[in-house]
Visitor: 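I have a structure here, written as structure tokens, and I will follow up with some questions on it.
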Number of protein chains: 2
Amino acid sequence: MVDLHDEIAGKLRGVGQRYTTNRRVIIDVLEAATHPLTIQEILDRRTTLAQSSAYRNLAVLEETGVVHRVVSSDEFARYELAEDLTEHHHHHLICRSCGAVADFTVAPEVELVLAGALEQAAGDNEFSAEDHRLDLVGRCRRCR
Amino acid sequence: MVDLHDEIAGKLRGVGQRYTTNRRVIIDVLEAATHPLTIQEILDRRTTLAQSSAYRNLAVLEETGVVHRVVSSDEFARYELAEDLTEHHHHHLICRSCGAVADFTVAPEVELVLAGALEQAAGDNEFSAEDHRLDLVGRCRRCR
DNA sequence: ATTTATGCAAATCGTTTGCAAACCT
DNA sequence: AGGTTTGCAAACGATTTGCATAAAT
């Protein structure tokens, strides 16, 4: 079994990138979070990190497949660790009112049915599928 | 059976809004399209429409539930007619490279399984679900 | 006559970028 | 040394907004 940071360092090295202090700071923050975080939330948790560095490093981490950008209903991008690092396949509850994002899962049988249907759809449309998003949009507990 | 424009006019009237010329122009463009359109694509198809009017009217139409905003991988918002007007439940193929959005459907049985799983997830999380998004993210034919 | 919509131009604000200093290896 | 990363401040660009005019009721 491989340590999370070793795994990330390896992925970065594979594309000629370094695992710098700031990048590790970002990973630590995302790992501790229970839901995708906005840039501002990341900055609030680590005040030493410059905003521009957060943007630049998140871009690198996203291109490398280490973090995943989540689009919500508001104007803020949110980030979470990539699923192949967390081993936790999940989907998102997106609040239309406040933009908050929470995680949820569905039963494995449902995932199986879904995977089959998506594979067929991709084939039918000559589309090279890399990922899928299954989001529930509505009102979170606090906003409803 | 009700005409599309009558139905939209009624919905707008219901929230104290008028069905103006510009709003009808936007609906006509969206109705003729086979996939969600960006603001720029809408403007290109009707050069008399001012950009600010497009933004303002799309906001009104979205709040009224007449059009639906689709978030892709690029920085441009895309719009389509709401599903309850088109009677055509569908999902989106989103190209990670160029941001293009195409429609696809899955078998009714799959939709049923999905609906059940989502209902349960919403209940488990005290979330008031209004809509779901099932998107396939990858590379379109032209970009792969 | 009043309210609402329009078009233009300017402002907004999350994000991106230029640059010089600090950091690796 | 030779390259990359960093932080600051300035620039960018999709979207929003102020305001005077036009349209709708």
Side-chain angles (χ1 to χ4, degrees), chain A residues 5 8-29 36-64 66-79 98-101, chain B residues 5 8-29 36-64 66-79 98-101:
Chain A
H5 293 292
I8 292 173
K11 284 200 177 204
L12 286 169
R13 216 178 304 114
V15 295
Q17 293 282 354
R18 299 171 185 169
Y19 196 27
T20 64
T21 308
N22 277 346
R23 288 173 191 173
R24 188 172 172 132
V25 161
I26 291 173
I27 296 298
D28 284 338
V29 170
L37 300 183
T38 62
I39 297 270
Q40 194 53 54
E41 289 171 332
I42 295 171
L43 295 175
D44 291 346
R45 283 162 173 71
R46 288 302 181 94
T47 52
T48 61
L49 184 66
Q51 190 188 50
S52 61
S53 296
Y55 277 107
R56 273 194 274 233
N57 286 316
L58 282 165
V60 170
L61 293 169
E62 196 197 357
E63 282 158 24
T64 315
V66 170
V67 308
H68 188 228
R69 182 209 305 249
V70 180
V71 179
S72 178
S73 62
D74 60 21
E75 65 267 45
F76 304 102
R78 285 170 170 77
Y79 295 87
C98 71
V101 177
Chain B
H5 293 291
I8 292 172
K11 285 199 177 202
L12 286 169
R13 216 178 305 113
V15 295
Q17 291 283 354
R18 300 169 185 170
Y19 196 26
T20 64
T21 307
N22 276 347
R23 289 173 190 174
R24 188 172 172 132
V25 160
I26 290 172
I27 295 299
D28 285 337
V29 170
L37 299 183
T38 62
I39 298 270
Q40 194 52 55
E41 287 170 332
I42 295 171
L43 294 175
D44 290 346
R45 283 164 172 70
R46 286 303 181 91
T47 52
T48 61
L49 185 66
Q51 190 188 50
S52 61
S53 297
Y55 277 107
R56 273 194 273 232
N57 285 317
L58 282 165
V60 170
L61 293 169
E62 195 197 358
E63 282 159 25
T64 314
V66 171
V67 309
H68 187 228
R69 183 209 305 248
V70 180
V71 179
S72 178
S73 62
D74 59 20
E75 65 265 49
F76 304 103
R78 284 170 171 76
Y79 295 88
C98 71
V101 177

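We name chains A, B, ... by the order of the sequence lines, and we start the count at 1 in each one.
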Visitor: By nearest atom, which of the nucleotides D:dT15, C:dG14, C:dT3 is closest to the B:Arg18 side chain?
Guide: C:dT3
Visitor: Both B:Glu75 and B:Tyr19 contact DNA chain D. Which one's nearest nucleotide lies toward the 5' end?
Guide: B:Glu75
Visitor: So do the side chains of A:Leu37 and A:Arg45 get within less than 4.5 Å of each other, counting heavy atoms only?
Guide: yes
Visitor: It should be established whether B:Asn22 places a side-chain nitrogen or oxygen under 4.0 Å from OP1 or OP2 of nucleotide C:dG7.
Guide: yes
Visitor: For B:Gln40 and D:dT15, give me the distance from atom CD to atom C1', rounded to whole Å.
Guide: 13 Å
Visitor: Please state how far atom CG in A:Asp74 lies from atom P in C:dC13, giving the value in whole angstrom units.
Guide: 15 Å
Visitor: Show the nearest heavy-atom pair for residues A:Ile39 and A:Leu58, with the distance to one decimal.
Guide: CD1-CD1, 3.3 Å
Visitor: Give a yes/no on whether any side-chain N or O of A:Thr20 is located under 4.0 angstrom from OP1 or OP2 of C:dC23.
Guide: no
Visitor: Expressed in angstrom and rounded to an integer, what is the separation of A:Leu43 atom CG from C:dT15 atom C1'?
Guide: 12 Å
Visitor: Scan residues 50-58 of chain A against DNA chain D and write down, sorted by residue number, each residue with any heavy atom closer than 4.0 Å; if none is found, say none.
Guide: A:Ala50, A:Ser52, A:Ser53, A:Arg56, A:Asn57
Visitor: Quick one: does any side-chain atom of A:Arg24 pair with a main-chain N or O of A:His5 as donor and acceptor, under 3.5 Å?
Guide: no
Visitor: When you look at B:Val66 and B:Val60, which way does the side chain to side chain contact (heavy atoms under 4.5 Å, CB included) test go after all the steps?
Guide: CA-CA 9 Å; B:Val66 171; B:Val60 170; over 6 Å; no
Visitor: Send over the distance from A:Ile42 CD1 to C:dT15 C1', rounded to a whole Å.
Guide: 14 Å
Visitor: Just how far, in rounded Å, is P of D:dA14 from CD of B:Glu41?
Guide: 13 Å
Visitor: Please state how far atom CG in A:Leu49 lies from atom C1' in D:dG7, giving the value in whole angstrom units.
Guide: 10 Å
Visitor: So what does A:Thr38 touch, heavy atoms closer than 4.0 Å: a base, only the sugar-phosphate, or nothing?
Guide: nothing
Visitor: Rounding to an integer number of Å, can you tell me how far B:Phe76 CZ sits from D:dG13 C1'?
Guide: 9 Å
Visitor: Does B:Gln17 put a side-chain nitrogen or oxygen below 4.0 Å from OP1 or OP2 of C:dA5?
Guide: yes
Visitor: For A:Leu12 and D:dT5, what is the distance between atoms CG and C1' respectively, to the nearest whole Å?
Guide: 13 Å
Visitor: Quick one: does B:Arg46's side chain have a donor or acceptor within less than 3.5 Å of a partner on B:Ile42's backbone?
Guide: no
Visitor: Carefully, step by step, assess B:Leu61 and B:Ile27 under the rule side chain to side chain contact (heavy atoms under 4.5 Å, CB included).
Guide: CA-CA 9 Å; B:Leu61 293 169; B:Ile27 295 299; 4.1 Å; yes
Visitor: Determine yes or no for a side-chain-to-main-chain donor-acceptor pair under 3.5 angstrom, with B:Thr64 supplying the side chain and B:Leu12 the backbone.
Guide: no
Visitor: Which part of the nucleic acid, if any, lies within contact of B:Ala77, taking any heavy atom under 4.0 Å across all strands shown: a base, the sugar-phosphate backbone alone, or nothing?
Guide: sugar-phosphate
